[in-house]
Student: 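After the structure tokens below, expect a handful of questions from me.
Residue numbers run from 1 in the order of the sequence given.
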Amino acid sequence: MQINEKGKKILVCIFYVLSLLPLFLPWCYFEEEVDGIKSGLDIVNHAALLILIFATLLGVLLARNERGRKLTKILLLTHSAIYLFYALFWYVPLLTDFNLLLSLEAAHYGLYLSLVCNGLLYFYYARIMSRK
């Protein structure tokens with residue numbers, strides 16, 4: 001069964017929205033009773049994420065040529081970069097207090113699931129949009 005171009009774009013948009021669901025899961029915390037659980041929305045609660053979500057949806061829906069598809073791929077990769085940045089620096093009051101091992105110890109399954117979902121979506125988008 002062949003899916004036309006419009007159907008592919010709608011399918012990618014649905015998968016994109018589903019890939020954002022791990023933002024509601026626990027991402028980082030040291031001690032649940034002391035700090036509380038920080039979900040992805042607590043950590044990445046920034047206007048840049050909303051703009052990125054809107055731009056990515058527009059990119060998926062409006063990409064007509066190879067240049068538009070490359071821009072959409074860059075937008076999808078930007079999600080992973082933002083997730084990693086905010087997950088590594090969520091507790092740091094000053095840049096000199098950063099500790100990679102401490103950041104990785106505080107990270108929980110929601111962060112990793114967000115990164116995996118975003119990576120799978122990127123590869124799915126690259127594969128499905130490269131077919132004619």
Student: Identify the two heavy atoms, one from Cys28 and one from Ala87, that lie closest to each other, and give their separation to 0.1 Å.
Tutor: SG-O, 4.0 Å

Student: Within this structure, what is the CG-CG distance for the pair Leu88 and Leu111, rounded to the nearest 0.5 Å?
Tutor: 8.0 Å

Student: Verify the cluster assignment for Phe15 and Phe123: are they in a single hydrophobic cluster under the rule of side-chain heavy atoms below 4.5 Å apart?
Tutor: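 Cluster IDs for Phe15 and Phe123 match.
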
Student: Membership question, hydrophobic clusters at under 4.5 Å side-chain separation (ILVMFWY): are Leu113 and Leu49 in the same one?
Tutor: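 Result: no, two separate clusters.
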
Student: Please tell me if the side chains of Leu25 and His108 come closer than 4.5 Å, counting only heavy atoms from C-beta onward.
Tutor: no

Student: First locate atom CG of Leu52, then atom CG of Leu75, and finally report the distance between them rounded to the nearest 0.5 Å.
Tutor: 6.0 Å

Student: Would you say Arg69 and Glu66 make side-chain contact, with heavy atoms under 4.5 Å?
Tutor: yes

Student: Looking at Thr72, Ile128, Leu61, which one forms a side chain to side chain contact (heavy atoms under 4.5 Å, CB included) with Val12?
Tutor: Ile128

Student: With rounding to the nearest 0.5 Å, note down the distance linking OG in Ser114 to CD1 in Ile82.
Tutor: 12.5 Å

Student: Atom CG in Leu18, atom CG in Leu121: separation rounded to 0.5 Å?
Tutor: 9.5 Å

Student: Is Leu120 linked to Leu20 within one hydrophobic cluster, defined over Ile, Leu, Val, Met, Phe, Trp and Tyr using a side-chain heavy-atom separation of less than 4.5 Å?
Tutor: no

Student: Under a 3.5 Å distance rule, please check whether Lys70 uses its side chain to pair with a backbone N or O of Asn65 as donor and acceptor.
Tutor: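 Answer holds: no.
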
Student: Tell me which one of Tyr122, Phe85, Tyr16, Tyr125 satisfies ring pair (Phe, Tyr, Trp, His ring centres under 6.0 Å) with His79.
Tutor: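 Going through Tyr122, Phe85, Tyr16, Tyr125 one by one, the ring pair (Phe, Tyr, Trp, His ring centres under 6.0 Å) with His79 is satisfied by Tyr16 alone.
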
Student: Give a yes or no on whether Leu102 and Tyr83 share a hydrophobic cluster (residues Ile, Leu, Val, Met, Phe, Trp, Tyr; joining criterion: side-chain heavy atoms under 4.5 Å apart).
Tutor: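 Leu102 clusters together with Tyr83.
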
Student: Hey, what do you get for NZ (Lys73) to OG1 (Thr56), rounding to the nearest 0.5 Å?
Tutor: 14.5 Å

Student: Cut-off 3.5 Å, side chains only: do Ser19 and Asn118 have a donor facing an acceptor?
Tutor: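 On atom types as modelled, these side chains do not qualify, holding no pair under 3.5 Å.
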
Student: What pair of heavy atoms forms the shortest contact from Pro26 to Tyr109, and how long is it?
Tutor: CD-OH, 3.3 Å

Student: Answer with yes or no whether the hydrophobic clustering places Tyr112 together with Leu77; edges join I, L, V, M, F, W, Y residues whose side-chain heavy atoms lie under 4.5 Å apart.
Tutor: yes

